[in-house]
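Residue numbering restarts at 1 for every chain, and letters A, B, ... go by the order of the sequence lines. Both backbone and side-chain heavy atoms feed into the values below; hydrogens, waters and symmetry mates do not.
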Amino acid sequence: MAKIIQVIKGTHDILPQEAEQWHFLEKNAIEIFSKYGYKEIRTPVLEATELFARGVGDTTDIVNKEMYTFEKGDRSLTLRPENTAGVVRSFIENGMTRLSAPVKLWYKGPMFRYERPQKGRQRQFHQVGVEMFGVKEPAADAEVILMAVNYLKSLGLNDLDVEINSLGCPKCRDEFKLKLKEVLKPEFSNLCEDCQNRYEKNPLRLLDCKVESCKAIFEKPEIQKVIQSDFVCEECKTHFDELKLYLDKMNVKYSVNKLLVRGLDYYNRTVFEIKSNNLGSQNAVCGGGRYDSLVKNLGGEDTPAVGWAMGMERLISLLPERKIKKLDGYIVSNFSAEAFQLAEELRHEGYSVEFDLSNKKFTKQLEKASKVANYALILGEDEIKSNTVSVKNLATSEQKTVSKKDLRSIL
RNA sequence: GCGUCUGUCGUCAAGCGGUUAAGACCUCGGAUUGUGGUUCCGAUAUGCAUGGGUUCGAAUCCCAUCAGACGCCCCA
């Protein structure tokens, strides 16, 4: 036997059983998002590497060590690790700045990140996401969060925790970073290796450290004082307060998590995550926030934006299993030409019908029918002569012989 | 990139150094050439992720590689 070729590490096949769940996610996405006026956009899986370096941020882990990048000709290409940068690129390139705001887009598709696979994390995974351009007011943040919650509800996922936070604007955030670094400076040598790296690269992420010794340091009163201080400026605070007001009015339950920072560079002001307790350590099903400077950074006109993405594999792992749909009918017959004709007739009328293509014995065909269909349509010599079909309900064993016309009222 | 554990038929598994590698499910065939889902018979791994090594002897011990699970980091 020839050598078997395996799937690539961190990727997997979506088999028929699971595909039913994907259809469910996709159907609900279109339904819910279009109620809010979102239109689907599909961008290429392949983009210029520079898009992510500039868009996602070259200090992020995603860009530094997780991208599938290769050279083709004289250009560097990358398999998209996320889709916000791609959508923004398309927004700018297709002149959507000229469209009447807000511009509301949603997408779904595969993303690629070179990471060590674990529960809820693959190298090829899929995201559904939404992006709204052109509205700086907090109502946009609220709508986007509300839509995420409603989408999850439509999937039957109700017991998820919404966490929000404000990162402030570049100005007030930088001031906070400085303060934080200052107060942590004396403890620098006591921090864990990761935290020492984060100290320069992204001090906000320090707060999230799970190492006990680091946690202990952060508990110190003078450091807590800085962490707990409302560092955001007046405008940012107002924005955040208004968002909370909207969420309260819309009955969205949430908690404010001051340690929520998120790892993509483009966020400012609002960030949020939706988490589940049933996912292990990769517990976020949805992550997003506001990214008011990204469009400008990528060469477009200054345009505020908010959005989020959900990991579809993580959603599916929270869904109950679905049964594969049975066929409406399975034709049991040893007259294949006639069976073929009947099958085609019914298919054209919208029924799902199969028949035995290899002319097996009657009992085998019936056995097959009972496994895959709701009704067995028996088409033997007698039936053909009288232009009828014997219809057997495979659940109740009821059987009656009817004319082909009456068949439609049974199936 | 780091750590821990795991890898026997399509699936779930027993075997843990000594003759032909249990069993169950699925699949296929037969009992049953017009009535299935119940039952009964039968078939299906010259091989134990792959490659080396130790041994008289390896699925069982050792090493490497590959793959998987979970955690760290990070993220959806």
For RNA chain B, the residues among residues 378-387 of chain A that have a non-hydrogen atom under 4.0 Å from it: A:Ile378, A:Gly380, A:Glu381, A:Asp382, A:Glu383

When rounded to the nearest Å, what value does the distance between [atom1] atoms of [N] and [M] take?
{"N": "B:U65", "M": "B:U11", "atom1": "C1'", "answer": "27 Å"}
{"N": "B:A31", "M": "B:U20", "atom1": "C1'", "answer": "30 Å"}
{"N": "B:C5", "M": "B:G37", "atom1": "C1'", "answer": "42 Å"}
{"N": "B:G47", "M": "B:G52", "atom1": "P", "answer": "15 Å"}
{"N": "B:U4", "M": "B:U50", "atom1": "P", "answer": "25 Å"}
{"N": "B:U39", "M": "B:U46", "atom1": "P", "answer": "30 Å"}
{"N": "B:A69", "M": "B:G57", "atom1": "P", "answer": "37 Å"}
{"N": "B:A22", "M": "B:A59", "atom1": "C1'", "answer": "14 Å"}

Rounded to whole angstrom units, what separation is found between the [atom1] atom of [X] and the [atom2] atom of [N]?
{"X": "A:Leu260", "N": "B:C74", "atom1": "CG", "atom2": "C1'", "value": "14 Å"}
{"X": "A:Leu366", "N": "B:U35", "atom1": "CG", "atom2": "C1'", "value": "5 Å"}
{"X": "A:Asn359", "N": "B:G34", "atom1": "CG", "atom2": "P", "value": "13 Å"}
{"X": "A:Lys371", "N": "B:C25", "atom1": "NZ", "atom2": "P", "value": "13 Å"}
{"X": "A:Lys368", "N": "B:G34", "atom1": "NZ", "atom2": "P", "value": "19 Å"}
{"X": "A:Lys326", "N": "B:G36", "atom1": "NZ", "atom2": "C1'", "value": "11 Å"}
{"X": "A:Leu377", "N": "B:G36", "atom1": "CG", "atom2": "P", "value": "17 Å"}
{"X": "A:Met67", "N": "B:C74", "atom1": "CE", "atom2": "C1'", "value": "15 Å"}

Just name whichever nucleotide pairs with [N], Watson-Crick or G-U, keeping both distances under 3.5 Å, else none.
{"N": "B:G42", "result": "B:C28"}
{"N": "B:A67", "result": "B:U6"}
{"N": "B:U20", "result": "none"}

Between A:Phe355 and A:Tyr330, ring centroids under 6.0 Å: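 A:Phe355 vs A:Tyr330: aromatic centres not under 6.0 Å.
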
Taking only nitrogen or oxygen atoms into account, show me every contact under 3.5 Å that the protein makes with nucleotides 30-33 of chain B, one pair per line with its distance.
residue : atom : partner  : partner atom : Å
B:G30   : OP1  : A:Lys361 : NZ           : 2.7

Pairs under 3.5 angstrom, nitrogen or oxygen only, protein versus nucleotides 66-71 of chain B, please.
residue : atom : partner  : partner atom : Å
B:G68   : OP1  : A:Gly10  : N            : 3.2
B:C70   : OP2  : A:Lys119 : N            : 2.7
B:G71   : OP1  : A:Ser281 : N            : 3.0
B:G71   : OP2  : A:Gln118 : NE2          : 3.2

For A:Gln124 and A:Glu313, which heavy atoms make the closest approach, and how far apart are they?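 Closest approach of A:Gln124 to A:Glu313, heavy atoms only: O-OE2, 4.2 Å.
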
Check A:Val306 against A:Ala140 and note the closest heavy-atom contact, atom names and distance.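 Looking at all heavy atoms of both residues, the closest pair is CG2-CB, 3.9 Å.
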
Please evaluate the base of B:U35 for a donor-acceptor partner in the side chain of A:Gln399 within a cut-off of under 3.5 Å? yes

A:Arg123 to A:Tyr114, cation-pi by 6.0 Å centre distance and 45° axis angle: yes

Classify the ring geometry between A:Phe91 and A:Phe133 as parallel (under 30°), tilted (30 to 60°) or perpendicular (over 60°). parallel

Do the non-hydrogen side-chain atoms of A:Arg408 and A:Tyr351 ever get within less than 4.5 Å of each other?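 With C-beta onward as the side chain, the pair touches.
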
Does the side chain of A:Tyr267 come within less than 4.5 Å of A:Asp292's, by heavy atoms?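 A:Asp292 vs A:Tyr267: side chains apart.
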
Take A:Val372 and A:Lys326 through the test side chain to side chain contact (heavy atoms under 4.5 Å, CB included) and record every step on the way to the result. CA-CA 5 Å; A:Val372 302; A:Lys326 286 197 168 184; over 6 Å; no

Worked check of side chain to side chain contact (heavy atoms under 4.5 Å, CB included) between A:Leu342 and A:Leu379: CA-CA 9 Å; A:Leu342 178 59; A:Leu379 192 62; 4.1 Å; yes

Between B:G29, B:G1, B:G37, which nucleotide gets closest to the side-chain atoms of A:Tyr114? B:G1

